[in-house]
Participant: 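Structure in structure tokens, see below.
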Amino acid sequence: DNKLVVYKIDRDAISQEIMHVDFMRVQEGKPIKIEVPIKLVGNAPGIKIGGVLIQKLTSLRVYSAPENIPAKIVIDLSELNVGDFIKVKTLDTGGKYSFLTNADETLIRVAPARKMTDTQLDALAEGDAGSAPAEEKKEG
């Protein structure tokens, strides 16, 4: 029994309108290689004290039977402080698929901002992001 999966979607760079869709014919139980998008969730404490989120990849190459391909790979940022990072090898696949992307590849990291204040750096050194000064509210 053959089925189809969306393999690639080409969009217009400005309007984001779909220009072309490539489909791949798959058979249940027969593994394929496919790109799966990454979805970031949660708020990284390191960003709240002035760190900068750096996302190196927006998708990962996966090897899986079609019935086990995730619609997206969800990465939770809620534990990331300045200096922390997430590598491919730390992601949980539940044993349903494997990554073809290099396992040592860093996906996400929180880098220190160039102009972090002494108070922010002290809070980071003490491991207490919650004591950093609150961000100023912008009017408008």
Side-chain angles (χ1 to χ4, degrees):
D1 192 343
N2 289 329
K3 299 186 190 276
L4 296 175
V5 295
V6 174
Y7 186 73
K8 183 178 177 187
I9 299 175
D10 292 326
R11 295 181 182 268
D12 181 270
I14 296 172
S15 70
Q16 292 300 303
E17 181 180 332
I18 294 175
M19 304 300 290
H20 180 79
V21 178
D22 287 334
F23 293 95
M24 178 191 305
R25 187 180 307 275
V26 296
Q27 293 178 338
E28 193 170 322
K30 185 176 179 183
I32 62 170
K33 300 173 186 177
I34 193 163
E35 290 281 328
V36 177
I38 294 171
K39 173 158 176 73
L40 304 179
V41 297
N43 296 311
I47 295 172
K48 291 179 184 176
I49 64 165
V52 178
L53 181 73
I54 299 173
Q55 181 178 0
K56 290 183 71 178
L57 300 173
T58 57
S59 65
L60 291 171
R61 194 124 173 94
V62 169
Y63 184 70
S64 174
E67 60 272 16
N68 292 331
I69 297 170
K72 60 189 168 247
I73 297 167
V74 178
I75 298 178
D76 185 6
L77 305 177
S78 62
E79 300 294 321
L80 291 180
N81 287 304
V82 175
D84 291 347
F85 55 88
I86 297 175
K87 292 189 176 223
V88 173
K89 65 184 172 187
T90 63
L91 299 177
D92 181 22
T93 64
K96 294 183 176 184
Y97 53 90
S98 59
F99 294 114
L100 298 175
T101 306
N102 182 346
D104 287 320
E105 181 79 32
T106 299
L107 300 171
I108 308 289
R109 73 183 179 100
V110 178
R114 290 186 183 203
K115 297 180 180 179
M116 287 187 82
T117 67
D118 290 338
T119 306
Q120 290 170 322
L121 291 172
D122 288 344
L124 175 62
E126 293 170 10
D128 184 15
S131 68
E135 293 179 20
E136 294 180 22
K137 293 182 181 180
K138 294 181 181 177
E139 295 183 23

Participant: Going from CD1 on Ile75 to OG1 on Thr90, what distance comes out if it is rounded to the nearest 0.5 angstrom?
Facilitator: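 Separation between the atoms: 7.5 Å.
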
Participant: Give the minimum heavy-atom separation between Ile38 and Leu40, together with the two atoms involved.
Facilitator: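 Looks like CG2-CD2, 3.9 Å.
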
Participant: State, with a plain yes or no, whether a side-chain heavy atom of Glu79 is found less than 4.5 Å away from one of Asp84.
Facilitator: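 Of all side-chain heavy-atom pairs linking Asp84 with Glu79, none is under 4.5 Å.
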
Participant: Hey, what do you get for CD1 (Ile9) to NE2 (His20), rounding to the nearest 0.5 Å?
Facilitator: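 Nearest 0.5 Å value for the CD1-NE2 distance: 10.5 Å.
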
Participant: With a sphere of 6.0 Å drawn around CG of Asp76, does it hold more than 12 non-hydrogen atoms of other residues, nucleotides or ligands?
Facilitator: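 Counting neighbours around CG of Asp76, more than 12 heavy atoms of other residues, nucleotides or ligands fall under 6.0 Å, so yes.
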
Participant: Looking only at heavy atoms, which two atoms of Lys96 and Ser64 are closest? And how far apart?
Facilitator: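 Taking Lys96 first and Ser64 second, the nearest heavy atoms are O-OG, 3.5 Å.
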
Participant: Which heavy-atom pair separates Ala113 from Gly50 by the least distance, and what is that distance?
Facilitator: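 Looking at all heavy atoms of both residues, the closest pair is CB-O, 2.9 Å.
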
Participant: If you draw a 6.0 Å radius around CD in Glu17, do more than 12 non-hydrogen atoms from other residues or ligands fall strictly inside?
Facilitator: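 No, the 6.0 Å shell around CD holds no more than 12 heavy atoms from other groups.
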
Participant: Closest heavy-atom contact between Leu77 and Pro45?
Facilitator: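 In this case the closest contact between Leu77 and Pro45 is O-CD, 4.1 Å.
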
Participant: Report yes if the side chains of Phe85 and Ile108 come closer than 4.5 Å at any heavy-atom pair, otherwise no.
Facilitator: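 No, their side chains stay 4.5 Å or more apart.
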
Participant: For Ala111 and Arg109, work out which heavy atoms get closest and say how close.
Facilitator: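 Distance-wise, the nearest heavy atoms are CB-NH1, 3.6 Å.
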
Participant: Do Ile73 and Phe99 make a side-chain contact, defined as non-hydrogen atoms from C-beta onward lying under 4.5 Å apart?
Facilitator: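 SC-SC contact between Ile73 and Phe99 confirmed.
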
Participant: If you define the side chain from C-beta out and look only at heavy atoms, does anything of Lys56 sit under 4.5 Å from Leu107?
Facilitator: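 Answer no - side chains too far apart.
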
Participant: Does any part of the side chain of Ile54, heavy atoms only, come nearer than 4.5 Å to the side chain of Thr106, both counted from C-beta?
Facilitator: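 No - every pair of side-chain heavy atoms lies 4.5 Å or more apart.
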
Participant: Is it true that Val62 and Leu100 fall in one hydrophobic cluster, defined by side-chain heavy atoms closer than 4.5 Å?
Facilitator: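 Different hydrophobic clusters.
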
Participant: Just do the side-chain contact (heavy atoms from CB on, under 4.5 Å) check on Tyr63 and Ile32 with the steps written out, would you?
Facilitator: CA-CA 6 Å; Tyr63 184 70; Ile32 62 170; over 6 Å; no

Participant: For residues Met24 and Lys33, report the shortest heavy-atom separation together with the two atoms involved.
Facilitator: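 Looks like CE-O, 4.1 Å.
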
Participant: Which residues pass the side-chain hydrogen bond (donor to acceptor under 3.5 Å, both in side chains) test with Asp92, sequence neighbours left out?
Facilitator: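 Testing Asp92 for side-chain hydrogen bond (donor to acceptor under 3.5 Å, both in side chains), a comparison that skips the adjacent residues, returns none.
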
Participant: Check the surroundings of atom NZ in Lys87: do more than 12 heavy atoms from other residues, nucleotides or ligands lie under 6.0 Å from it?
Facilitator: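 Correct, the count exceeds 12.
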
Participant: Return the CD to CG distance between Glu28 and Asn68, rounded to the nearest 0.5 Å.
Facilitator: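 Taking CD in Glu28 and CG in Asn68, the distance rounds to 9.5 Å.
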
Participant: Quick one: list whatever passes side-chain contact (heavy atoms from CB on, under 4.5 Å) with Lys39, sequence neighbours left out.
Facilitator: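 Residues passing side-chain contact (heavy atoms from CB on, under 4.5 Å) with Lys39: Val41, Lys72.
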
Participant: Any non-hydrogen side-chain atom of Val110 less than 4.5 Å from a side-chain atom of Leu53?
Facilitator: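 Side-chain contact under 4.5 Å: yes.
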
Participant: Got a second to check how far Ile34's CD1 is from Leu60's CG, nearest 0.5 Å?
Facilitator: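 Between atom CD1 of Ile34 and atom CG of Leu60 there are 13.0 Å.
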
